[in-house]
Protein chains: 2
Amino acid sequence: MRKRRATIEDVASLAGVSIKTVSRVVNREPNVRASTTASVKKAITKLDYRPNPSARNLASHRARLIVLVYDDPSTYDAPSAGYIIKLQEGALRACRSEGFELLIHPCSHRDSGVGAELQEQIRQIRPSGIVVAAPLSNLPEIVDAVKATNTPYVRLSTGTGNGKQYEVATNDRDISAGMTRYLAELGHTRIAFIRGDRTHLAVGNRFWGYRDGLEQCGLPFAEELVVEGDNSIGSGEKCAEQLLQMENRPTAIFAANDDMAAGVVRAAARMRIGIPDQLSVAGCDDISLAQMIFPALTTIRQPLSAMAHAASKALIDSARGRPHEPGLEVVPGEIIIRESTGPVPRNA
Amino acid sequence: MRKRRATIEDVASLAGVSIKTVSRVVNREPNVRASTTASVKKAITKLDYRPNPSARNLASHRARLIVLVYDDPSTYDAPSAGYIIKLQEGALRACRSEGFELLIHPCSHRDSGVGAELQEQIRQIRPSGIVVAAPLSNLPEIVDAVKATNTPYVRLSTGTGNGKQYEVATNDRDISAGMTRYLAELGHTRIAFIRGDRTHLAVGNRFWGYRDGLEQCGLPFAEELVVEGDNSIGSGEKCAEQLLQMENRPTAIFAANDDMAAGVVRAAARMRIGIPDQLSVAGCDDISLAQMIFPALTTIRQPLSAMAHAASKALIDSARGRPHEPGLEVVPGEIIIRESTGPVPRNA
DNA sequence: GTTGAATTTGGCAGCGCTGTCAATTCTGTT
DNA sequence: AACAGAATTGACAGCGCTGCCAAATTCAAC
């Protein structure tokens with residue numbers, strides 16, 4: 001019943017060429033006559049031939065694999081699952097279309113010795129490339145371990161593209177400026193900002209974008225309208241209380257991430273401040289919670305899938321001998337307007 | 001700098017044995033003298049030898065890979081990310097500890113022809129085994145495609161274990177009965193149930209568990225206390241309204257999933273019915289939202305990670321020639337008591 | 001036509017390991 | 001001590017493919 005899979009030899013003899021020529025066709029190598037290519041392809045189709053990955057890897061000394069390294073969500077209370085799924089989605093899309101496979105590699109950077117372990121495992125797998133997702137992409141221990149394996153890698157959202165290697169990031173700063181302008185266009189002049197964890201680079205960039213945005217609209221920057229959160233819902237709630245108790249309170253609050261924005265929504269509900277009638281709220285990240293709460297959050301969608309796709313594609317191209325130019329590839333984010341923002345209230 | 005990786009030959013000559021003996025030690029095959037094993041192991045350590053996976057796969061005609069097939073979350077509005085991450089976590093744990101790799105394989109069962117495509121891709125990969133997660137594990141198109149590849153596979157939560165093959169599931173029915181009993185022990189006698197999508201088998205089992213639980217406590221089953229949802233938050237909200245408008249309304253509502261339970265919480269808030277003072281609410285699944293909403297949901301945690309682990313382990317064992325007994329392996333769920341349940345109100 | 005270069009094809013040696021089977025060494029028994 | 005049988009080890013042929021290099025063919029220009 002289950003007949004033996006066709007091998008390269010079967011194809012070669014059916015097409016009347018040598019196995020080497022079949023190999024050339026399969027690998028799209030140059031210098032094969034078009035007619036030859038055609039007959040080989042016909043034989044491949046006829047026999048339903050699929051190259052054996054192990055044999056290719058063994059002979060070519062590298063596996064057609066991309067490894068995606070990311071912060072292990074199970075080590076903390078995984079609301080980041082959506083983040084990871086999106087990264088996986090993008091990486092998988094790139095891999096599948098190029099005949100590569102994706103190996104996922106969560107790793108908990110809290111453990112000591114993750115670096116060594118990661119290095120060891122990558123050594124064993126020998127992938128064609130490694131995608132390192134934020135926030136791991138900013139941790140020296142992880143990055144050094146990856147570097148030590150001597151495998152091509154691409155870091156995502158390092159926030160510090162030095163231009164010496166290919167990197168992928170989003171335009172956090174620009175798009176945050178864009179969100180600020182959007183709020184200003186709605187008539188808001190007192191736009192508050194809730195900063196996040198300072199060690200998180202991407203989150204830091206958003207603050208600069210906020211300042212840029214104010215400046216672009218000719219709005220003054222006011223120290224009093226900036227408060228410091230820690231990325232959590234709870235901190236968003238606290239920050240919001242502080243801001244909303246001011247006598248001349250802001251009419252819009254822009255939070256450096258969605259969790260904190262959700263906290264703002266909660267605080268406003270408790271204080272009976274209507275959203276968006278009396279207060280506009282914007283977040284960043286477009287986590288799934290953003291559209292589940294009421295009112296649904298206006299936010300910035302990070303192009304995670306597209307970023308992971310770009311990074312994986314670059315690695316695959318590089319494995320094929322067509323490395324991408326060093327430098328920062330910027331994948332733009334997108335402002336998602338939902339229910340939590342609206343025109344400035346009349347009385348303000 | 002980067003010296004050639006040690007091969008089995010290097011180990012063999014250092015240990016003074018044949019490569020076959022090294023192979024035996026590495027693969028833990030029987031009939032090797034303890035002293036030989038020891039010296040080979042020493043050589044392996046000394047040389048930091050790692051078997052080349054491609055070479056092993058090529059020679060042994062199968063890859064040390066497990067494929068995890070699940071419903072593609074990107075096709076719908078992915079709140080299921082947490083579900084998938086947990087499955088991945090368990091499968092990964094099993095694979096890593098056994099020297100296998102995990103390949104993830106989301107597939108959108110809505111597309112026509114997924115079956116053929118899946119089959120094709122598995123054929124190419126030639127994994128040692130396939131774990132098929134719910135709800136895909138109940139779709140004939142997917143299951144048939146997997147079966148056609150002639151690769152060992154394990155289905156998760158089919159709800160229909162026929163005992164003819166090894167399967168993994170949780171004790172949905174029992175644990176739902178347990179939740180019902182827990183509510184009864186809190187003094188509730190009017191416990192309502194919100195059913196979910198009827199085509200979802202696991203969700204269906206929970207209704208039977210609810211009935212079992214009532215019976216075990218000597219509580220009557222009342223048709224009027226059972227309403228029909230569709231697994232969504234919105235439907236939970238509607239069902240709750242219906243239940244809470246009854247003259248002799250229930251004091252506890254048990255929903256077949258957390259989304260619907262979250263809907264109940266929302267409806268209760270709107271109707272100014274205090275939770276858990278006036279109403280207890282329980283859900284199923286322990287989605288991340290469950291602990292983010294207020295009050296945090298009492299729910300049933302599905303042992304997703306443990307189930308995926310068990311399934312993967314079974315496949316790995318089977319690849320090693322130690323197949324598990326056919327039959328249903330039940331991994332028990334866990335009742336997580338949070339804030340949304342409490343004693344029956346006095347006046348009720 | 002002829003020549004030299006460019007293009008296209010083929011031959012074949014591995015890649016590092018496992019499966020098969022045969023050879024060797026070790027048991028316990030008579 | 002001799003012998004069957006079990007336990008242990010080794011030899012060697014691939015697994016299916018790619019890399020390297022040589023051979024064959026085609027092409028371009030004279």
Considering only side-chain heavy atoms of T21(A), which listed nucleotide, dT18(C), dG16(D), dT9(C), is closest?
dT9(C)
Do the side chains of R56(A) and R64(A) get nearer than 4.5 Å, heavy atoms only?
yes
Starting from P on dG16(C), measure out to CZ on R64(B) and report it in whole angstrom.
16 Å
Which nucleotide wins on minimum distance to the side chain of R24(B), given the candidates dC21(D), dG10(D), dT18(C)?
dG10(D)
Classify V26(B) by what it touches in the nucleic acid, base, sugar-phosphate, or nothing, heavy-atom distance under 4.0 Å.
nothing
Residue T7(B), side-chain heavy atoms: nucleotide from dT18(D), dG10(D), dG16(C) that is nearest
dG16(C)
Please give me every residue in residues 27-45 of chain B whose heavy atoms get under 4.0 Å of an atom in DNA chain C, ordered by residue number.
N27(B), R33(B)
Is any side-chain heavy atom of V131(B) closer than 4.5 Å to one of L156(B)?
yes
OP1 or OP2 of dT18(C) under 4.0 Å from side-chain N/O of S23(B):
yes
Atom pair distance, as rounded to whole Å: CG in N57(A) and P in dC17(D):
12 Å
Within the structure provided, determine whether I104(A) and Y70(A) are in side-chain contact (heavy-atom separation under 4.5 Å).
yes
Which of the following nucleotides, dC17(D), dT18(C), dT18(D), is nearest to the side chain of K20(B)?
dT18(C)
Give the nucleotide from the list dC12(D), dC15(D), dG19(C) with an atom nearest to the side chain of L58(B).
dC15(D)
Between dG16(C), dC15(D), dT18(C), spot the one nearest the side chain of H61(B), thanks.
dC15(D)
Candidates V132(A), V69(A), D71(A) - the one meeting side-chain contact (heavy atoms from CB on, under 4.5 Å) with S137(A):
V132(A)
Between dG10(C), dC17(C), dG16(D), which nucleotide has the shortest distance from any of its atoms to the side chain of N52(A)?
dG16(D)
Whole-Å distance between dC15(D) P and I8(A) CD1?
14 Å
Expressed in angstrom and rounded to an integer, what is the separation of R62(B) atom CZ from dC17(C) atom C1'?
13 Å
Taking CZ from R56(A) and P from dG16(C), how many angstroms apart are they, rounded to a whole number?
19 Å
Closest-nucleotide ordering on DNA chain D, the 5'-leading residue of Y49(A) and V17(B):
V17(B)
Taking atom CD1 of I8(B) and atom CG of N52(B), what is their separation to the nearest 0.5 Å?
10.5 Å
Does any N or O in the side chain of T170(B) come within less than 3.5 Å of the main-chain N or O of V331(B), such that one atom is a donor and the other an acceptor?
yes
Taking only N and O in the side chain of S18(A), is any of them less than 4.0 Å away from OP1 or OP2 of dG10(C)?
yes
Ignoring hydrogens and angles, state whether a donor on the side chain of Y83(A) or Q302(A) is under 3.5 Å from an acceptor on the partner side chain.
no
